[in-house]
**Q** 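Structure in structure tokens, see below.
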Amino acid sequence: MEIDFSIIWPYMPVLMQGLWVTVAITLGCAIAGSLLGFVVSLGRMVNNVLVSGALKLYVEFFRGTPLLIQLFWIFFCFPVVLGISIPPYVSVIISLTLYMGAITSETFRGSLKSIEQEQHDACTALGLKHSTKVIYIIFPQALLRAIPPLLSNIVSLFKESALISSVGIADLMFIGQNISNSTAHPVEFLTTVAIIYFVVAFPLTRLVGYVESRMLTRYAI
Amino acid sequence: MNTAEVVVNMPPANAMEAGQFIQLDNVFKAYNNELVVMDGMNLDMRADDRLVIIGPSGSGKSSLLRVLMGLEGIQGGDINFHGQPYIKSENNDSKVVSDELHSRVGMVFQHYTLFPHLTVMGNLILAPMKVHGKDKQSCIAKGRELLARLGLEDKVDYYPSQLSGGQKQRVAIARALMLEPELMLFDEVTSALDPEMVTEVQNVMMQLAEQKMAMIIVTHDMHFAREIATRVVFCAGGKIVEQGTPDEVFGNPKEARTREFLDKVLHLN
Ligand SMILES: Nc1ncnc2c1ncn2[C@@H]1O[C@H](COP(=O)(O)OP(=O)(O)OP(=O)(O)O)[C@@H](O)[C@H]1O
Ligand SMILES: [Mg+2]
């Protein structure tokens with residue numbers, strides 16, 4: 001069979017629809033997951049073994065199992081266990097958010113811990129209350145430092161989100177694969193899909209470097 | 001007559017009076033219950049004293065300043081400030097008992113420890129606004145005045161990363177001065193600086209000395225110590241081995257350990 005890339009053009013609008021689903025789900029879960037991750041990172045620092053223990057278990061579990069099994073479990077088993085039906089979109093959003101929450105909680109934990117003892121000492125010397133210190137000194141610096149790894153987390157999520165195609169969500173991967181099967185032109189379509197993923201992800205990975213070299217050296221080191 | 005000499009020559013009977021400012025009474029401090037850094041330390045300081053603490057590395061000089069700033073607890077003894085309890089060792093690791101007295105002490109660290117995400121002005125006004133509840137405008141006005149005095153008026157909106165080491169350290173001094181402390185603690189504030197920046201920071205400290213600011217200074221710069229001190233305190237082994245005027249300690253040290261230490265450091269210089 002001859003390779004002919006011109007056949008992709010009529011399918012571009014559908015592929016773009018798939019990309020839109022991928023981007024929307026990635027962004028939504030990145031935001032929700034980061035908020036969750038931030039709260040979890042704080043929760044793991046509280047002096048309550050039950051709370052911090054439970055959160056640790058959650059984080060380790062989601063970090064230590066394949067995303068695919070998490071997607072499947074929440075898609076197939078959750079409804080059975082809870083006796084409710086969950087729409088597919090909601091199911092994958094829950095999965096990716098929980099996954100992202102576990103990953104980013106470690107990112108935030110690392111950045112919170114990376115604030116040097118000297119910064120804490122300076123606050124004590126100035127007589128700042130604990131809450132003032134946390135709100136005005138620790139959080140802003142930790143959040144700034146968390147930006148590059150968070151961006152990397154988001155890029156990873158964007159790529160890994162291709163797995164949601166396996167439970168039938170019509171994302172970029174799903175649509176690309178379907179067209180490739182039905183037209184019997186895998187080379188053209190799978191290559192195109194890969195290029196589309198790359199075109200979106202690449203600038204983001206460059207942005208990580210930019211943020212690290214410019215923003216952080218100016219405001220957070 | 002020089003007030004410093006009065007203190008030093010004062011007979012022990014007047015020690016109470018001498019201790020009205022800062023008084024350490026039999027202070028004991030150990031890290032992890034084993035590394036003793038203050039072993040029954042006694043120290044009296046007057047409001048017009050400028051103490052320079054010297055001693056070998058690891059002798060507990062920083063620890064002493066950190067205790068006075070409430071950054072470290074003590075395991076024995078008391079510290080009074082203005083004759084009132086300031087730090088007490090009650091539960092085997094106590095810190096400051098009086099926030100009010102704590103707010104009269106300021107500290108400058110070796111590595112500046114400015115807040116990197118805030119501008120110079122942001123660094124200056126945070127504590128007066130949040131701790132003393134002052135309004136922003138008056139804090140800014142005061143900050144400008146202070147920065148002008150330290151030759152930093154054009155750096156108001158800079159971030160710490162845009163400043164030289166000497167400028168950073170002067171901002172750190174300004175930040176501490178914003179709270180109008182009665183006692184300033186300086187822990188090797190010029191050790192991290194390039195030689196050409198040392199003087200600009202030392203000049204600011206001399207300026208404060210002229211205004212009769214009470215200070216406790218830890219430094220390895222013996223030349224500067226001699227210049228700024230009203231009293232030099234040599235610490236070793238968790239105790240004060242010898243103290244006196246700069247002339248006494250540097251010119252005619254009584255203790256063998258002091259002589260040995262000075263021989264070593266002056267040779268290095
Ligand atoms: N937080 C800590 N925990 C355990 N040990 C400590 C701690 N801080 C200091 N020490 C130890 O206590 C001793 C005294 O330290 P300190 O920093 O007070 O000495 P220093 O006289 O300031 O020394 P230098 O001249 O090197 O700055 C050292 O042996 C140091 O390793
Ligand atoms: Mg030290």
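Letters A, B, ... mirror the listed sequences (proteins, then strands); counts begin at 1. Keep in mind the model is a prediction, meaning the values are calculated, not measured.
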**Q** Hey, is the main chain of A:A142 close enough, under 3.5 Å, to the side chain of B:H117 for a donor-acceptor pair?
**A**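 Looks like no, no N/O pair under 3.5 Å.
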**Q** With a 4.5 angstrom heavy-atom cut-off, could you sort out which part of B:V105 is near chain A: side chain, backbone, both or neither?
**A**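 It is the backbone, since no side chain atom gets that close.
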**Q** What closest approach, in Å, do A:E118 and B:T113 show between heavy atoms, and which atom pair accounts for it?
**A**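 Closest pair (atom of A:E118, atom of B:T113, distance): CB-CG2, 3.4 Å.
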**Q** Is the count of non-hydrogen atoms from other residues, nucleotides or ligands lying under 6.0 Å from B:R144 atom CZ greater than 12?
**A**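 12 or below, so no.
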**Q** So which part of B:L185 gets closer than 4.5 Å to some heavy atom of chain A, the side chain, the backbone, both or neither?
**A** neither
**Q** Would you say B:Y31 has more than 12 foreign heavy atoms packed within less than 6.0 Å of its OH?
**A** yes
**Q** Please name the pair of heavy atoms, one in A:Q119 and one in B:L114, separated by the smallest distance, quoted to 0.1 Å.
**A**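 For A:Q119 versus B:L114, the nearest heavy atoms are NE2-O, 2.8 Å.
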**Q** Does OH belonging to A:Y197 count more than 12 external heavy atoms closer than 6.0 Å?
**A**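 Yes, enclosed.
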**Q** Side chain, backbone, both or neither: which part of A:T132 has a non-hydrogen atom closer than 4.5 Å to chain B?
**A**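 For A:T132, the side chain is the part near chain B, not the backbone.
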**Q** Determine the option with the most heavy-atom pairs under 4.5 angstrom with chain A, choosing from B:H132, B:M178, B:K130, B:M107.
**A** B:K130
**Q** With a 4.5 angstrom heavy-atom cut-off, could you sort out which part of B:S103 is near chain A: side chain, backbone, both or neither?
**A**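 Interface part for B:S103: neither.
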**Q** Restricting to non-hydrogen atoms, name the atom on A:A125 and the atom on B:H102 that form the minimum distance, rounded to 0.1 Å.
**A**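 That would be O-CE1, 4.2 Å.
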**Q** Using the rule given for side-chain contact (heavy atoms from CB on, under 4.5 Å), can you reason through B:M69 versus A:D121, listing the C-alpha separation, both sets of side-chain angles and the distance that settles it, and then say yes or no?
**A** CA-CA 9 Å; B:M69 195 64 258; A:D121 289 349; over 6 Å; no
**Q** Report which part of B:R175 has an atom under 4.5 Å of a heavy atom belonging to chain A: side chain, backbone, both, or neither.
**A**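 For B:R175, heavy atoms of backbone and side chain both lie under 4.5 Å from chain A.
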**Q** Any chance you could measure A:T217, atom OG1, to B:Q162, atom CD, to the nearest 0.5 Å?
**A** 10.0 Å
**Q** Rounded to the nearest 0.5 Å, what separates atom CG in B:L124 from atom CG in A:L126?
**A**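 With rounding to 0.5 Å, CG (B:L124) is 9.5 Å from CG (A:L126).
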**Q** What part of B:Y159 is in contact with chain A, defined as an atom under 4.5 angstrom from a non-hydrogen atom: side chain, backbone, both or neither?
**A** side chain
**Q** Report the distance from atom OG1 of A:T124 to atom CG of B:L71, rounding to the nearest 0.5 Å.
**A**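 Rounded to the nearest 0.5 Å, the OG1-CG separation comes out at 5.5 Å.
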